[in-house]
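As the structure lists them, so they are numbered: ligands from 1, and atoms in each ligand from 1.
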Amino acid sequence: MSSDTALPPTPVQVVDSMERMSGGTYPGYRRSGARGVCFKGTFTPTGDAMGLTTAAHLQRRPVPVTVRFSNSEGNPQARDGVPVARGMATRFALPDGGDTDLIALSVPVFVASTPEEFLTLTEALRPDAATGHPDPARVQAFVAAHPHLAEPITQQPPVPVSYGSAAYWAIHTFVWVDAAGNRQPVRYRWEPEAGRMDLTAEEAATRADHYLTAELHERLQDGPVAFTLQVQLGEEGDPTHDPTVAWPETRKEITAGRLELTAPVDDQERWAAQGFNPTWVTAGIELSDDPVLAFRAGAYPESLRRRGEHR
Ligand code: HEM
């Protein structure tokens, strides 16, 4: 097992390890969030963020969006009816012709504070050749060596009724910058307007393997599926560098806008081949000092490159 006291890992090392954790490679697919589906819609800002950031999509003008929902597993055949995180990757088309991404998961905190810890964890979760499952002793040894990660690692993501009935957290801290250069640390969450609704274990066991995709297509026949963008405003002393630690729920929160999805995208293939990137911010938004966020800047293009070469 690699040690997280060694040199910082490279994106190649981490993506290699993610492939091992997924039990191999699935040519052409993302190394995480392999199975996904894209929808189009509109994001309408409330204007409540205007005084805190100059970001173009958070002013008053509605902007087109594309959202990719996914199962976080690297195996595109993974079942939906199990408690794994779901992904919601959003691309906002900006009025000037550019775009910006916001990537979120259906859990409030991440499982590692640094890229080194993430690499060691993915190694520990590698399936055992004999059983096809991670070796519990190796996982326990990882937790024993990283007690601060025990809670994040054992968090149970819900099995949602729908992609449209889960909340999704962007987890990292970002920094909003206003016209005068003032800086405000923020954390984002998409809250489903339908309310959070989960399946019981018994219900989940009866669902089709890939029920979430079919369910969202059906749900859209009855009208748009909507989320609000909730933004927590960080205060002095709130950790900005550690994605495994949530901020207190008492922090002031604003509703920055409302996202309404109306239909699947027309060109699913083209969108499947795109890469979202959490560090793809725009003027008025900066990255925080979170080393995991910085690391993702290189890991996502590495996966995009491999799948682009049909590896
Ligand atoms: C060290 C930390 C992380 C690493 C190395 C990592 C790596 C990756 C990679 C390689 C992909 C596939 C990218 C592609 O082929 O386009 C991916 C996808 C994804 N990751 Fe991460 N990730 C990390 C942390 C996170 C966190 C903290 C979140 C949530 C805030 C997250 C959410 C997602 C989602 C939703 C996708 C699917 C994106 C899509 O639909 O295109 N990841 N990740």
Side-chain angles (χ1 to χ4, degrees), residues 4 8-22 25-39 65-76 78 84-91 101-123 125 149 152-153 155 157 163 166-174 187-190 212-213 241-246 265 268 270-280 287-288 290-311:
D4 52 34
T10 63
V12 168
Q13 282 175 307
V14 170
V15 173
D16 282 349
S17 182
M18 291 172 76
E19 290 175 355
R20 287 194 289 273
M21 178 177 69
S22 301
T25 51
Y26 303 91
Y29 286 96
R30 285 163 170 75
R31 271 42 183 177
S32 170
R35 191 179 65 262
V37 56
C38 293
F39 297 87
V65 291
T66 306
V67 170
R68 182 173 185 270
F69 290 106
S70 57
N71 179 307
S72 62
E73 300 282 316
N75 177 349
V84 296
R86 324 289 151 165
M88 178 177 175
T90 305
R91 177 156 298 166
D101 291 348
L102 184 63
I103 304 188
L105 282 177
S106 60
V107 287
V109 291
F110 194 53
V111 290
S113 303
T114 62
E116 291 81 352
E117 285 180 351
F118 184 71
L119 176 60
T120 315
L121 175 61
T122 53
E123 288 294 302
L125 290 173
L149 299 179
I153 288 174
Q155 66 186 327
Y163 276 133
Y168 300 84
W169 289 258
I171 299 182
H172 305 287
T173 303
F174 292 83
R187 286 187 172 182
Y188 302 94
R189 181 181 84 254
W190 291 111
L212 284 170
T213 305
H241 65 289
D242 192 344
T244 68
V245 180
V265 295
Q268 213 52 255
R270 187 178 76 79
W271 276 100
Q274 294 275 329
F276 294 84
N277 191 312
T279 62
W280 191 245
L287 306 183
S288 65
D290 182 335
V292 176
L293 177 57
F295 186 79
R296 291 173 71 195
Y300 285 57
E302 178 59 26
S303 171
L304 176 65
R305 190 173 62 75
R306 295 182 189 196
R307 59 188 171 88
E309 293 166 359
H310 206 70
R311 287 161 57 197

Enquirer: So which protein heavy atom does atom 42 (N) of ligand 1 come closest to, and at what separation?
Expert: Tyr300 OH, 2.8 Å

Enquirer: Please report which non-hydrogen protein atom sits nearest to atom 38 (C) of ligand 1, along with the residue it belongs to and the distance in Å to one decimal place.
Expert: Ala89 CB, 4.1 Å

Enquirer: Evaluate His172 for polar contact with ligand 1, using N/O atom pairs at a separation under 3.5 Å.
Expert: no

Enquirer: For the residue pair Tyr168 and Phe69, does the interplanar ring angle fall in the parallel (under 30°), tilted (30 to 60°) or perpendicular (over 60°) class?
Expert: tilted

Enquirer: Would you indicate whether the side-chain heavy atoms of Tyr26 and Glu73 approach each other to under 4.5 Å?
Expert: no

Enquirer: Is any side-chain heavy atom of Arg91 closer than 4.5 Å to one of Arg68?
Expert: no

Enquirer: What protein heavy atom sits nearest atom 4 (C) of ligand 1, and how far off is it?
Expert: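 Of the protein heavy atoms, Phe118 CE2, 3.9 Å lies nearest.
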
Enquirer: Can you check whether Thr25 reaches Arg306 side chain to side chain, under 4.5 Å on heavy atoms?
Expert: no

Enquirer: Minimum distance, heavy atoms only, to atom 9 (C) of ligand 1: which one of Glu19, Met18, Arg305 is it?
Expert: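 Shortest heavy-atom distance from atom 9 (C) of ligand 1: Met18.
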
Enquirer: With a heavy-atom distance limit of 4.0 Å, tell me whether Ala104 approaches ligand 1 through its side chain, its backbone, both, or neither.
Expert: backbone

Enquirer: Does some side-chain heavy atom of Glu19 sit less than 4.5 Å from a side-chain heavy atom of Asp16?
Expert: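 With C-beta onward as the side chain, the pair touches.
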
Enquirer: For atom 36 (C) of ligand 1, find the nearest protein heavy atom and state the residue, atom name and distance (0.1 Å precision).
Expert: Ile103 CG2, 4.4 Å

Enquirer: So, does Glu302 sit close enough to ligand 1 that a heavy atom of it is under 4.0 Å from the ligand?
Expert: no

Enquirer: Given Arg30 and Phe276, is the side-chain contact (heavy atoms from CB on, under 4.5 Å) satisfied, shown in steps?
Expert: CA-CA 11 Å; Arg30 285 163 170 75; Phe276 294 84; 4.1 Å; yes

Enquirer: So Trp271 and Thr66, do their side chains get closer than 4.5 Å, heavy atoms only?
Expert: yes

Enquirer: With heavy-atom distances below 4.5 Å as the criterion, would you say the side chains of Arg31 and Arg307 are in contact?
Expert: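 When only atoms from C-beta onward are counted, Arg307 and Arg31 do touch, with a gap below 4.5 Å.
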
Enquirer: Which ligand 1 atoms does Val14 reach within 4.0 Å, using its non-hydrogen atoms?
Expert: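 What qualifies from ligand 1 is 5 (C).
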
Enquirer: Looking at atom 40 (O) of ligand 1, what's its closest protein heavy atom, distance included?
Expert: Arg68 NH1, 2.6 Å

Enquirer: Under a 4.0 angstrom heavy-atom cut-off, which atoms of ligand 1 come close to Ser303?
Expert: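 Contacts of ligand 1 toward Ser303, numbered from 1: 10 (C), 12 (C), 13 (C), 14 (C), 15 (O).
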
Enquirer: Which atoms of ligand 1 sit under 4.0 Å from any heavy atom of Ala299?
Expert: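 With Ala299 as reference, the close atoms of ligand 1 come out as 5 (C), 10 (C).
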
Enquirer: Kindly indicate whether the side chain of Pro9, heavy atoms from C-beta on, has any atom under 4.5 Å from the side chain of Glu116.
Expert: yes

Enquirer: Does Gly36 come within less than 4.0 angstrom of ligand 1, counting non-hydrogen atoms of the residue?
Expert: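 Distance cut 4.0 Å: Gly36 fails for ligand 1.
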
Enquirer: Any idea which protein heavy atom is nearest atom 3 (C) of ligand 1, and the distance to it?
Expert: Arg296 CG, 3.7 Å

Enquirer: Starting from atom 30 (C) of ligand 1, which protein heavy atom do you reach first, and at what distance in Å?
Expert: Ala170 O, 3.4 Å

Enquirer: Is there any N or O on Arg307 that sits under 3.5 Å from an N or O of ligand 1?
Expert: yes

Enquirer: With a 4.5 Å cut-off on side-chain heavy atoms, are Thr122 and Arg20 touching?
Expert: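 Contact flag for Arg20/Thr122 side chains = no.
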
Enquirer: Show the atoms of ligand 1 that are less than 4.0 angstrom away from any heavy atom in Val292.
Expert: 1 (C), 2 (C)

Enquirer: Going by distance only, is there an N or O of Arg30 that falls short of 3.5 Å from an N or O of ligand 1?
Expert: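 Yes: some nitrogen or oxygen of Arg30 is under 3.5 Å from one in ligand 1.
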
